[in-house]
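Data first, discussion second: the structure below is written as C-alpha cells.
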Amino acid sequence: DGNRGSGKSGLLAVDRPGQEMLERTAVVVTDEYIEIRLVSGLPARGRKVLGFQAREMLLEELPEAGRRTLYYSALPGKAVVHHIKTKEDSVRLREQLNELDAVAFVSDGALLPRKSGVSDLPLRDGVPFSSPESLRREVILANGDTITGMIIPKGVTLIVGGGYHGKSTLLRALDRGIYDHIPGDGRERVVSDPTGVKIRAEDGRQVSGVDISPFIRDLPGGVNTTSFSSPTASGSTSQAANIAEALEMGTRCLFLDEDTSATNFMVRDMRMQRLVHRDREPIIPFVDRVGQLARDKGISTVLVMGGSGDYFDMADTVIMMDHFRPYDVTDEAKSIANEYPTGRQEESEGTFPAVRPRVPVISSLDPRRRGRVKVRARGLSHLQFGQWDIELNQVEQLVDDSQTRALGDILIYLKQYGDAGSLNEILAAVDRDIDDQGLDVLSPFSGHPGDYARPRMFEVAAAVNRLRSLKVRSNG
C-alpha cells in the first residue's frame, strides 16, 4: 500500500492490463502451478530497513492477498467465465474473416466511441453500432452464440461523411481490432486482420534504405528512391516509407486517415496535374496505387476520406458515417463518379512492383551506451536504446507500456540471428521463439520479468526502422 516508510516502501504491485487482452509475463499458468510476478518495495526509512514490517508484508499480507485473488472460489465465477468466453469468441470471430471474404467485422451493438482523447475507456452514452443491411452478416461464435454485424470486405473501402460523424472513430476501432478486448470495452466483437497496419505521415522520422519508388520517383538532386534514406523524412516520403515497411513485413491490410496523411501523397487532381506536369512531380499519388495493391498484391486498404471524391473510382465499398451510424453508399458514389468524371490522368503504369526486402546490419543495432548495455522504456512511446532515443509516438497500434518494455529486449535478442536474413525473416524467427518458449526467452539472465506484454512484430519492425543508427543492405 506504500504507507510503510518512505518512497515506495510497502508497495506490492502486479503489472496492470489495459483494455486489450495481451500475452503477458505478470501471470504464468502451467499444468502444475500459477506464478504471479510482482514488484515489491521493501519497507525502509532512509537507509534503515524495517525488517518486522517486511516480514508482515511478505509472510502475512502477501499470502492472504493471494488467497483472495488466485483461488477460483474467491472470485466472481460468472465474470471469470465471461472473460474467458469473450476471448474465445473474439479469436473464433477473427478466424472467420477469410470465410466472410473480409478484413474486419464490427458487431451490431458495439460501442466504438471512447470516453475522451486521452482515455481508452468506452463512452457510456455513445451511439451503439448498427450495420447497413447490405454489409450485415450473421456469424456463430466459439461458444455457440449467433451475432450479426458489418463486414469490411477485402479490397478498397472508403469511409466518408461529414466532420465529427464518426469516420475516424470507426477507423480507430478497426485498427485496434488486431487485438482482443476485455468484457465491457464495447469493442469485444470488433476484429480485424491481425496483420493490419495503421499508416500515417510522420514528418522528421528516420528512414534507412527503404524502396519508396512505387510512390516517389527520383527526387531532385539525383536522390535514388529505390534505397531511400533520410534522418528527417518529409510527410510524403515518410508515409511512402511507412507503407513500404508494412509491405516488407507482410501486411494484408492498410488503415489510413486523410487527417494524418500528407495531402500531396494522397491525390493530385486534374487542375494540379495541368499546372504541374508529371515530369516535374516525383510523387505517384496513393489514389493511383491503392487499386493495384488490391489487384496485384491482395492487400486491402481501409481509408477515411472526407475531402476528395477522386477515390470513388478506385473504391470497391463506400461507407458513409452519419451521426455515428454507417450506410452503404457504394452505388451512389459510383453513380456520382460516372456522372462527374474527375478528368485526372492516372500517374502509375503497369502493376504494383515487387517489394524489396532489406537485411539489417546487426552491428548497427548497438544497445551500449558508454560501454554498458542501456535499454529502457519510458512510457508507451519512448525507448532508449544505447545512445539513441527511439520515438514511437506515431506508431499508433502500440497500446501498452509493457509492450514497449518487451520491445526493447527483443531488439537485443534479435542480434543473435546475425546478418543472415531479411528483417522480416529475423523477426519471424524471434516470433517463433516467443511462441515456443514464451516472453521469458528475452531475458534468460535477468530472472523472471513480470512486466512484459507481447508486441506484434510489425511494431518491433517500426522500432528498428526508427533507430537512427540502423544500417541496411538490399536482399534482392
Side-chain angles (χ1 to χ4, degrees), residues 1-30 32-72 74-75 80 83 118-121 179 182 367 369 372-386 389-390 392 398-413 434 437-455 459-460 463:
D1 57 16
N3 292 324
R4 292 183 172 92
S6 57
K8 295 183 179 180
S9 293
L11 175 69
L12 291 173
V14 177
D15 193 29
R16 185 184 182 94
Q19 298 299 104
E20 289 79 20
M21 296 186 191
L22 304 175
E23 180 181 340
R24 293 179 177 273
T25 55
V27 179
V28 178
V29 180
T30 72
E32 299 176 352
Y33 61 83
I34 298 176
E35 179 178 305
I36 308 296
R37 298 171 178 177
L38 51 85
V39 173
S40 172
L42 293 178
R45 183 168 285 109
R47 295 188 177 184
K48 182 180 180 181
V49 176
L50 305 178
F52 288 108
Q53 293 188 23
R55 179 186 182 281
E56 180 183 13
M57 184 178 75
L58 296 177
L59 300 183
E60 298 177 18
E61 294 180 1
L62 183 57
E64 176 59 27
R67 282 188 289 270
R68 291 197 312 268
T69 57
L70 298 182
Y71 289 90
Y72 181 78
L75 300 172
V80 173
H83 195 100
V118 295
S119 174
D120 205 32
L121 296 174
Y179 298 115
I182 63 173
R369 183 179 183 182
R372 300 179 62 182
V373 171
K374 185 70 172 181
V375 177
R376 183 177 66 178
R378 296 196 297 272
L380 176 66
S381 303
H382 300 276
L383 178 66
Q384 181 180 348
F385 189 79
D389 288 326
I390 304 176
L392 300 169
L398 197 63
V399 296
D400 195 291
D401 295 2
S402 298
Q403 287 180 304
T404 308
R405 284 190 286 269
L407 197 156
D409 279 348
I410 290 174
L411 296 192
I412 297 175
Y413 181 85
I434 296 174
Q437 303 174 59
L439 286 163
D440 283 0
V441 73
L442 303 177
S443 296
F445 306 114
S446 59
H448 301 283
D451 58 356
Y452 286 166
R454 187 171 182 173
E459 281 67 60
V460 177

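- When the salt bridge (charged side-chain N to carboxylate O under 4.0 Å, His left out) test is applied to R68, no partner is found at least two apart in sequence or on another chain.
- A distance of 12.5 Å separates CG in D401 from CZ in R378, rounded to the nearest 0.5 Å.
- Scanning for side-chain contact (heavy atoms from CB on, under 4.5 Å) contacts around Y33 gives T30, E35, with sequence neighbours left out.
- Partners of D451 under the side-chain hydrogen bond (donor to acceptor under 3.5 Å, both in side chains) rule, at least two apart in sequence or in another chain, are R405.
- R369 meets the side-chain hydrogen bond (donor to acceptor under 3.5 Å, both in side chains) test with no other residue; sequence neighbours excluded.
- Listed by chain and number, the residues in a salt bridge (charged side-chain N to carboxylate O under 4.0 Å, His left out) with D120 are R176, R187 (sequence neighbours excluded).
- Under the rule for a side-chain contact (heavy atoms from CB on, under 4.5 Å), the partners of E23 that lie at least two apart in sequence or sit in another chain are I434, L439, R454.
- Remark: R67 engages P63, E64, Y71 in a side-chain contact (heavy atoms from CB on, under 4.5 Å) (not counting sequence neighbours).
- Residues passing the side-chain hydrogen bond (donor to acceptor under 3.5 Å, both in side chains) test with H83, sequence neighbours excluded: none.
- Scored by the side-chain contact (heavy atoms from CB on, under 4.5 Å) test, V29 finds V27, I34 as partners (sequence neighbours excluded).
- In terms of the salt bridge (charged side-chain N to carboxylate O under 4.0 Å, His left out) criterion, residue partners of R55 (sequence neighbours excluded) are, by chain and number, E60.
- Taking the side-chain hydrogen bond (donor to acceptor under 3.5 Å, both in side chains) definition, one finds that E32 meets it with nothing, sequence neighbours left out.
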